[in-house]
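As C-alpha cells, the structure follows; a few thoughts come after it.
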Amino acid sequence: MYDPLVDKDIGQGAAYPSSYWATQTQTGASTGAIVADQSSDIVVIGAGYTGLSCAYQLASRFNREVTVLEAHQTGWGCSGRNAGFVLRGTGRLGLAQLTQRFGLETTQRFHQEYGAAVAQVRQMIADGNIACDVQPEGYLKVAHKASLGADLPAQAAFLQRSFGYQTTYLSSEQLNSDYMHNTQAYGAIRFPDCFGVNPLALAKGYSTMAQRSGVQVYTASPVLHWQRSGNDFVVHTPQARVRCKQLILATNGYTAKDLYPPLNRGCLPVLSSIIVTEPLTPAQLQQSGLHHTQLIMDTRALKYYYRKLPDNRILFGGRSAVYGRDAKKAVYPQRLLSALKSCFPMLADVRCDYHWSGWVAVSYDDLPRLCQAEDNVFYAAGYCGSGLSFSTLAGVRLAEMAMGIALPSLPIYQSRLQPFPLPAFRRLGQLAYYQWGRVKDRFL
Ligand SMILES: Cc1cc2nc3c(=O)[nH]c(=O)nc-3n(C[C@H](O)[C@H](O)[C@H](O)COP(=O)(O)OP(=O)(O)OC[C@H]3O[C@@H](n4cnc5c(N)ncnc54)[C@H](O)[C@@H]3O)c2cc1C
C-alpha cells in the first residue's frame, strides 16, 4: 500500500480499495485525467472532502474558476474509506482537554465551530440532495473500564454546564438495557447531534455539487510538482500543466514526501483499519442488543469505533499496521475481529466480509491547522482521524482565507502545523506510543 513516509509520489489512477462502501455506492464513470494545458484562478490538489468542499465554495460563492486535481478517484483517500461518523469535533482533544489548554472562552468558540461543521455537512447533504444513507442521530462514548465509567457523570455535567451541550449520561445498566450487551462497557455519554453516513456517497455528492458549480474535477491526475512563474504557479501533472494564481493543498494524510515537505513533516500518517462483518442474524442482533445504528467509540488509548450498518452488518475499526507495506497482512483484520468478539462474545461465529485501511494525519499537538503556508499557498490538514465534519467546514474556511475573509478567532486558524521533532523518527515514536497504549488499556 502507498506509504506517504516512504514513497516519493502517490502514483496515478488506482481503483478504489475493495471496501464495503465501494460495493454500496454508485461511483459512476470517473471524470478522467487532465490531458491538455489550461489555466484556472485556483488549483485544488486532492478530491477528498476538504478539496471538494473548498472548490465548491470558491466556485459557487466566490465565482472563481477552479480546477481540482486528484491522483486517483474522487474520495479515494480517507474521505471514501472512513467509518462515516459525523462527529462534533476534530483532532484528539475533547472539550475538557481544550479547556485546560486554551481556557473556557476559547473552547466555547471551538465548540461553536465544531457545531458549524456538523451543520455544514447537513447543509451540503440537503443542498446537493445527496443520498448517503443518513442515520438517526446519536453517538455513544463508552467507558471501557469501571474506573473511567465513574467519571462520566461529572464529564456529562461539565459539558452541559459549560457548553450547554445536551449530552446524556448512561449508566452500565442503561447502556445494557437500551443500547448493547458489550461485556467491556461501563457506562457512556450520549452526544445528541452526531450521525452516521455512507462516506463515499458523501464524497461523490460533494464532487457532483462542485462540478455543477463549474469546477473542473480531474481524476487520475497526480500533481508531480509546481513552480512559481511571475505572479502565477505552473502545476505539473503527467500529461498537462495548469497555470493558476492560488494553490490549495487538500492532500492531508496522503501528502507524499516530496510534494510539499513542510506539510509532510507536520503530519504523522497513521493507518486506521476497518472490518465489516457479514449481516447479523435476528438472533445475533437480539443477543448483542445492537438493534440501532448509533455511533460508538470507546475510551481506550488505542480506540475501537463501531456501528451497526443499515443492512445489519457491524463495522468495527481501530489501529492497524505502522508501515504501508504491512497494511494487508491478515493479522490486522483478525485482531479487529477478535476485539469485536471479546466485546460481544455472543458474536463468536460472525465472519468478516471486508477489510481495508487508510492514512489519517496526526499532528504533533493533536490539533489540525488551516493556514496560508506561503504567499498564495494554503492547506488544511492534521485532523487526527476525526475529520469528516471538520474537513467539510475546513473547505469553507480555506475558501474564505484564500478570498481574504477573516476567520473565527481560533488557534487552529492562526498558525501552521508544527513539524515533528526528528521527523525521520516519527514511526519509532508511533511504535512506542502503541506499546504504551497497549499497557495503559490493559493495566492502568
Ligand atoms: C479507516 C478510517 C476511518 C475513519 N473514520 C472517520 C470517521 O468515522 N469520522 C471522522 O470524522 N473521520 C474519520 N476518518 C478521518 C476522515 O476520513 C478524514 O479526516 C477526512 O476524510 C479527511 O479528508 P481530506 O479531504 O482532508 O483528505 P483525504 O480524503 O485523505 O483526501 C486527500 C486526497 O488527496 C489526494 N492526493 C494526495 N496527493 C496528491 C497529489 N500529489 N496529486 C493529486 N492528488 C493527491 C489523495 O489521493 C486523496 O484522495 C477516518 C479515516 C480512516 C482512514
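Owing to the predicted nature of the structure, the values given are computational and were not obtained by experimental measurement. Ligands are counted one by one from 1 in listed order, and the atoms in each one are counted from 1 as well.
- Residues Trp226 and Tyr260 place their aromatic rings such that the two centres sit under 6.0 Å apart.
- In this structure, of Gly385, Ser391, Ala394, the residue bringing a heavy atom nearest to atom 15 (C) of ligand 1 is Gly385.
- Atoms of ligand 1 found under 4.0 Å from any heavy atom of Val360, numbered from 1 in the order shown, are 51 (C), 52 (C), 53 (C).
- Within the listing of ligand 1, atoms 21 (O), 23 (O), 24 (P), 25 (O), 28 (P), 29 (O) sit less than 4.0 angstrom from a heavy atom of Ser79.
- Taking a cut-off of under 4.0 Å to the non-hydrogen atoms of Tyr305, the atoms of ligand 1 that pass are 1 (C), 2 (C), 3 (C).
- Listed by number with element, the atoms of ligand 1 under 4.0 angstrom from any heavy atom of Pro222 are 42 (N), 43 (C).
- Under 4.0 Å is where a charged nitrogen must lie from a carboxylate oxygen, and between Arg325 and Asp7 no such pair does.
- Side-chain rings of Tyr179 and His292 approach one another, their centers coming within less than 6.0 Å.
- With Ala71, Gly80, Cys78, Gly196 as candidates, the residue nearest to atom 28 (P) of ligand 1 on a non-hydrogen basis is Cys78.
- One option in Leu388, Val235, Leu295 has a heavy atom closer to atom 11 (O) of ligand 1 than any other, and that option is Leu388.
- Contacts classified as side chain to side chain donor-acceptor pair (under 3.5 Å) and involving residues 261-270 (residues at least two apart or in different chains) are given here: Asn264-Arg426.
- The atoms of ligand 1 that sit less than 4.0 Å from any heavy atom of Gly77 are 29 (O), 30 (O), 48 (C), 49 (O).
- Between Arg416 and Glu374, no side-chain nitrogen of the basic residue sits less than 4.0 Å from a carboxylate oxygen of the acidic one, so the salt-bridge criterion is not met.
- Outside the 6.0 Å centre-distance limit, the rings of Phe390 and Tyr49 are not counted as a close aromatic pair.
- The atoms of ligand 1 that sit less than 4.0 Å from any heavy atom of Leu259 are 41 (N).
- At the top of the distance list for atom 35 (C) of ligand 1, counting protein heavy atoms only, stands Glu70 OE1, 3.3 Å.
- Ligand 1 places these atoms under 4.0 Å from at least one heavy atom of Arg81: 1 (C), 2 (C).
- The 12-atom threshold is not exceeded at CZ of Arg241, counting heavy atoms of other residues, nucleotides or ligands nearer than 6.0 Å.
- Across the listed options Phe390, Phe85, Tyr379, Phe85 owns the non-hydrogen atom lying nearest to atom 8 (O) of ligand 1.
- For atom 19 (O) of ligand 1, the choice among Ser320, Gly387, Ala380 with the nearest heavy atom turns out to be Gly387.
- Heavy-atom contacts of Thr50 reach the following atoms of ligand 1: 24 (P), 25 (O), 26 (O) (cutoff under 4.0 Å).
- Heavy atoms of Ala250 come nearer than 4.0 angstrom to ligand 1 in at least one pair.
- A salt bridge between Arg122 and Glu137 is present, with a side-chain N of the basic residue lying under 4.0 Å from a carboxylate O of the acidic one.
- Residues Tyr16 and Trp21 keep their aromatic ring centres 6.0 Å or farther apart.
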